[in-house]
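Single-structure report; data block below.
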Amino acid sequence: MEQPVTVGRATRSRGAESEAPEALTDLGDLVGESLTARVTLDEQGRVTGWNTGAERLLGYPARQMTGRRAADLLAEPIPVRGGLPTLAGLPRWNGDVALRHHDGRKLTVRVLAHHRAPGTGAPAWLLLSALTRGQPRPALDESLVSWSFAQSPCCALAIYDTRLRLRRANEGMERAMALTEEEMLGLRVSEIVDDEAGERAERSMARVLRTGEPQYEENYLRAPGETREHAWSVFESALRDAEGTVRGVCLAAHDMTEQFWARKRLQLIAEAGRRIGSTLDVARTAQELTDVTVPALADFVSVDLLAALDDEPPEPRAQALPADGPLLLRRVALRSVTPGAPEAVVAPGEVDSYPEGSAPYESLRAGRATLHEVTDPAFTAWLAHDPARAERIRAFGIHSVMTVPLVARGTTLGVVFLVRHRNPDTFRHDDLVLAGELAARAAVSIDNARRYTRERATAVTLQRSLLPQRLPRQAAVEVASRYLPAGGHAGVGGDWFDVIPLSGARVALVVGDVVGHGLHASATMGRLRTAVRTLADIDLPCDELLTHLDDLVARLSVEEGGEGVEAFGDVGATCLYAVYDPVSRRCCFAGAGHPTPAVVSPDGSVELAKLPAAPPLGVGSLPYEATEVVLPEGSLLVLYTNGLIEHRDRDLDAGVHRLRESLARPAPSLDALCDTVLADLLPQRPADDVALLVARTRALDASQVATWAVPDDPSAVAQTRKDVVAQLERWGLSDAVFVTELVVSELVTNAIRHAQPPIQLRLIHDKTLICEVSDGGNTAPHLRRARTYDEGGRGLLLVAQLTGRWGTRQSASGKTIWAEQTISLQ
């Protein structure tokens, strides 16, 4: 008949197009089309296909049924189970249907109907019914069941009786246990598997006998003669007779080893993602790689980096191996299942040499991971020239080795060495792939850490170069200082301090903090420190200096942020500026959003200076105010940045309290006090930069200062010179008389001629000799070079040439011109 061929073609269109026609013909001959009644219908229920099986079942030929309604064959309506939708809405239906045979008799037929999706090119409905249904089962069926049990390739099967004695075992179970069915017959599972897994399985089987409920568990076993452990998914279920009585237990074990190891590899990769690269430290990152892989993947792991990278910038290298000579690797991390890692030939920090032909050398040359057994010819040839390594391999029974290059961003960093000796399983290709994945992750983290380390070293070098290399000599205070860069991911910040000698034996103490971290913050800090020194050199009052500095920070912010950017958008800083005068013992403070300084009295009491609240630099709009206090000689001024007292584990008040407690304890020196404060307040790796400046005040004795009121009369100059000479004689400074007379004569004469009274002369004798002339005028003199016929303009030039420094400073009542001489102490 032609119609079954049509049906067969419609069926092939759903996925068998690639099969050869002769293969399909052979398949048809094999399965016997006439053994199944096959009918296809369109969406209207009309017959479109009718095979010979359908003709045998109902007696109608295909030519008579094609195009007819299938409903005409129904002897009774199709029963639809309650709650189900109509047949047209079902993807599949099965059940008994009463049909009318061609000879008029009624047949009850079991039908399976498939409703095909529109657009597939196949008939809408495919109706099937087996002609062999209801016939006696042939004896072959029992044989098939027996054969399927014995030869099942899917799992290992065993049947146990109610006394948990083995009665049957298939070939899969024989392979898993490395025993034949005859050898296991009559034994309990705990006797076949002398392991905790056998005892667990037996307890589960006992629960099956007691409850009738199936049990599931996972076991891990290594069969005798095998080196690799297998993972088994074990099901135990009851075997019941026709009356439902439990007659035995069936144990089915599926070998899930590949899935188990795949899951373990994924878990190891996930763990590596969590643990590797937790810090930006090269050695710590390398150690994290070894911690992840031992013992999960290997018994011993070392991470070695190219020794040539020690002095190289973190840029990609075209050549990973040396042009000639051995490969030099520096060990940065290792880990072993054996305490103390005695397998290692070199310790962390040491450099080892690997010749051409060695496993690490060839792995880096090929640029890929390699796997070796120690019996490989190439491996034994290398060990023949390295007796120390060969001895360790023999001593520990090392049998399998992997070498994996560390490569990131085109840069070859080094190699990872993985070894097995306690684990009897040799490394496999899957292990090599896993090691390569872990090494690739670690290489990126190591490269990041290496780049960060170099960038941080550059920033620290820049930071330290911008800080005072040596504190200047001055008489006003004894100072000690500390600077600690941040120890975390933030990097170097913009903290700084400075000690600036001022006129009149005074000194300026400065501490500041630029917002942010890195090279940008360090560079900004350098600009601000330079600006502070420049502004301090012209003797601006504390509050005015901060006002000018605030303008500078605002301009820097606009320059970096572009037009229309708010002043505080990109650059911000805090600053504390203090000026101490050893003559009057007065100290002037002014702050811009900076932590309040601490003052320690000679009796040991600690107080915080009372400063007016002020915004940080760069915010603008608000003025800065100064506070002045009188300090006893020997008082301590403690200036610091917020990194000292602020920490994520404690609030600001707790930090200030700990600072006061630390300062209250006596210390043998200022340096010792700085170390004590840092140890008491800072964690091992501070999250922010810290600058600390401690100054002990000194006071000049009244005998070291001489002051005269000078009349507003040119004739007073001569008497003033005589008074100065006499004072110098009392101080024992006869060698300074000539220069001092000239300086005093010039400065006093200028004040009388060009300024306003009152006029005052003051001499200060300490490590230098300072001459100051103050008047009530606001105009400051300017140094200039006189022309040939000019009558004036030579006096200040002469003062500048005869003294070490000179200058002018403004005050609320006028100005002061000063000159400083270096004197030789006798």
Side-chain angles (χ1 to χ4, degrees), residues 145-240 246-271 295-297 299 400 420 422-431 433-434:
V145 172
S146 177
W147 296 335
S148 67
F149 173 84
Q151 303 171 23
S152 172
C154 301
C155 61
L157 294 171
I159 295 176
Y160 293 82
D161 60 21
T162 55
R163 299 181 65 83
L164 298 183
R165 305 287 176 170
L166 186 135
R167 289 291 174 256
R168 291 292 306 274
N170 73 345
E171 294 177 358
M173 184 63 73
E174 290 178 331
R175 286 192 300 270
M177 296 295 102
L179 296 169
T180 65
E181 181 185 67
E182 185 65 26
E183 292 168 331
M184 293 185 287
L185 194 64
L187 296 177
R188 294 160 50 191
V189 66
S190 60
E191 296 168 339
I192 299 170
V193 179
D194 187 19
D195 185 88
E196 182 184 355
E199 296 177 358
R200 288 201 308 270
E202 193 166 73
R203 287 194 295 268
S204 297
M205 293 166 65
R207 283 194 295 271
V208 172
L209 290 177
R210 186 172 61 254
T211 66
E213 296 179 355
Q215 303 292 317
Y216 170 79
E217 59 182 329
E218 292 183 358
N219 288 331
Y220 306 95
L221 299 172
R222 180 183 286 109
E226 288 191 338
T227 60
R228 188 173 179 84
E229 189 176 61
H230 288 258
W232 295 96
S233 179
V234 181
F235 296 86
E236 295 107 348
S237 57
L239 297 176
R240 293 180 170 86
V246 176
R247 297 298 186 181
V249 179
C250 177
L251 185 150
H254 295 266
D255 191 346
M256 307 294 290
T257 304
E258 294 304 321
Q259 296 89 328
F260 169 76
W261 286 112
R263 185 167 67 249
K264 293 285 286 185
R265 287 191 288 269
L266 290 176
Q267 291 173 349
L268 192 59
I269 291 173
E271 184 180 5
L297 181 60
D299 297 325
S400 187
R420 277 185 180 173
R422 181 177 296 179
N423 187 338
D425 296 343
T426 59
F427 286 123
R428 300 170 56 183
H429 178 71
D430 290 346
D431 300 319
V433 173
L434 175 59

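All of these numbers come straight from a predicted model, not from anything done at the bench.
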Looking at [X] and [Y], what are the two nearest heavy atoms and their distance?
| X | Y | answer |
| --- | --- | --- |
| Leu185 | Arg167 | CD1-O, 3.3 Å |
| Leu297 | Asp431 | CD1-OD1, 3.9 Å |
| Leu164 | Glu202 | CD1-CG, 3.8 Å |
| Asp255 | Ala231 | OD1-O, 3.4 Å |
| Ile192 | Tyr160 | CD1-OH, 3.9 Å |
| Gly248 | Thr162 | N-CG2, 4.1 Å |

Those residues that, when tested against Glu181, pass salt bridge (Lys or Arg N to Asp or Glu O under 4.0 Å) (two or more places apart):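 Arg168.
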Side-chain contact, heavy-atom cut-off 4.5 Å: [X] with [Y]?
| X | Y | result |
| --- | --- | --- |
| Glu174 | Glu182 | no |
| Arg420 | Asp299 | yes |
| Arg165 | Arg188 | yes |

Pairs where residues 185-216 contributes a residue and the test ring-ring contact (aromatic ring centres under 6.0 Å, His included) is met, not counting sequence neighbours: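 Qualifying pairs: Tyr216-Phe235.
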Residues which pass side chain to side chain donor-acceptor pair (under 3.5 Å) with Arg422, listed by chain and number, not counting sequence neighbours: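 Partners of Arg422 under the side chain to side chain donor-acceptor pair (under 3.5 Å) test: none.
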Backbone N/O of Cys155 and side chain of Asn170: donor-acceptor pair under 3.5 Å: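 Between the backbone of Cys155 and the side chain of Asn170 there is a qualifying donor-acceptor contact (under 3.5 Å).
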Within 6.0 Å of CD in Glu183, more than 12 heavy atoms from elsewhere: yes
Lys/Arg-Asp/Glu bridge criterion (N-O < 4.0 Å) met for Arg200, Glu218: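 Judged by the 4.0 Å cut-off on N to carboxylate O distance, Arg200 and Glu218 do not form a salt bridge.
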